[in-house]
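First the structure, in the form of structure tokens, and then the observations on it.
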Amino acid sequence: MMADIIESLLGAIYLLIDFQASLKFSEWIKLPYSCEKWEEYIRMAIKGKNDVNITNDVLDTLKEFENIIRYEFKNRQLLLEALTHPSAEGVVKSYERLEFLGDAALDLIATRYIYKRYPNVGP
């Protein structure tokens, strides 16, 4: 029950203020992580990655992909990780960790949409 109350408080703070305020509340109630800004949370999530020496062939492929999606990644190492299958052996991690994070982001987007679109529907 306590977890449900904390989750509902986090949800209320997120809706009334913003995600940054939810992070501050999480820190205030001593959840086991520490960050003051969303940007710091992102840095913490990608912390510990070593720069990978990307070959010219791979770099060309990544640039081609960026042209297709019309977006240039500031960190091509993350793009490479996002496109790397777990069966590929090499220096780069596979997409599984980023997929886990993406699932959480998609859950947040879908939940917010449903919550706002259907305010009278219960859980």
Side-chain angles (χ1 to χ4, degrees):
M1 182 166 152
M2 181 60 90
D4 292 337
I5 292 170
I6 290 171
E7 288 169 348
S8 64
L9 285 170
L10 284 167
I13 292 168
Y14 169 70
L15 285 173
L16 292 172
I17 306 172
D18 61 13
F19 191 75
Q20 184 67 42
S22 294
L23 287 175
K24 285 185 179 185
F25 177 74
S26 298
E27 191 172 280
W28 183 72
I29 61 173
K30 310 268 190 260
L31 287 182
Y33 71 90
S34 176
C35 58
E36 295 186 16
K37 295 183 178 179
W38 179 239
E39 294 81 14
E40 185 179 334
Y41 186 75
I42 292 170
R43 276 195 301 279
M44 188 174 70
I46 63 173
K47 184 175 140 185
K49 291 188 172 294
N50 297 324
D51 287 335
V52 174
N53 190 9
I54 301 174
T55 65
N56 287 335
D57 289 344
V58 172
L59 185 59
D60 289 345
T61 303
L62 294 177
K63 286 179 181 177
E64 189 176 325
F65 181 80
E66 289 175 328
N67 288 335
I68 292 169
I69 64 171
R70 296 184 191 156
Y71 181 82
E72 185 177 323
F73 283 75
K74 293 176 185 169
N75 185 338
R76 286 204 175 106
Q77 183 175 334
L78 283 177
L79 174 58
L80 182 58
E81 182 179 332
L83 299 173
T84 301
H85 190 270
S87 65
E89 293 188 21
V91 187
V92 179
K93 295 178 182 178
S94 75
Y95 60 68
E96 292 174 310
R97 198 172 79 97
L98 292 173
E99 180 186 13
F100 173 71
L101 184 61
D103 284 344
L106 187 57
D107 285 347
L108 177 63
I109 292 165
T111 301
R112 184 179 173 119
Y113 171 79
I114 292 168
Y115 185 85
K116 287 189 173 258
R117 177 81 167 102
Y118 304 100
N120 298 321
V121 176

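Below, each value reflects all heavy atoms present in this structure, side chains not excepted, and no hydrogens, waters or symmetry copies.
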Close side-chain approach of Leu62 to Leu83, heavy-atom, < 4.5 Å: yes
How about Asn67: does its CG atom have over 12 heavy atoms from other parts shown lying under 6.0 Å from it?
yes
Output for pair (Thr111 OG1, Leu106 CG), nearest 0.5 Å, gives 9.0 Å
Interatomic distance, CD@Glu96 vs CD@Glu81, rounded to 0.5 Å, equals 10.0 Å
Applying side-chain contact (heavy atoms from CB on, under 4.5 Å) to Pro119 and not counting sequence neighbours gives none
Check your understanding: Going only through I, L, V, M, F, W and Y residues with side-chain contacts under 4.5 Å, is there a path from Ile69 to Val58?
Key -> yes
Residue pairs passing the ring pair (Phe, Tyr, Trp, His ring centres under 6.0 Å) test with at least one member in residues 53-78, sequence neighbours excluded, are Tyr71-Phe73
Sorted by chain and residue number, the side-chain contact (heavy atoms from CB on, under 4.5 Å) partners of Ile109 (sequence neighbours excluded) come out as none
Here the gap from Leu78 atom CG to Lys93 atom NZ, rounded to the nearest 0.5 Å, amounts to 10.0 Å
Across all chains, not counting sequence neighbours, the side-chain contact (heavy atoms from CB on, under 4.5 Å) partners of Tyr113 are Arg117
For residues 5-18, dump all side-chain donor-acceptor pairs below 3.5 Å to protein atoms at least two apart in sequence or in another chain.
unit_1: Ser8; atom_1: OG; unit_2: Asp4; atom_2: O; d: 3.3
unit_1: Ser8; atom_1: OG; unit_2: Ile5; atom_2: O; d: 2.8
unit_1: Tyr14; atom_1: OH; unit_2: Arg112; atom_2: NH1; d: 3.1
unit_1: Asp18; atom_1: OD1; unit_2: Gln20; atom_2: N; d: 3.2
unit_1: Asp18; atom_1: OD1; unit_2: Ala21; atom_2: N; d: 2.8

Sorted by chain and residue number, the side-chain contact (heavy atoms from CB on, under 4.5 Å) partners of Leu59 (sequence neighbours excluded) come out as Ile54, Lys63, Arg76
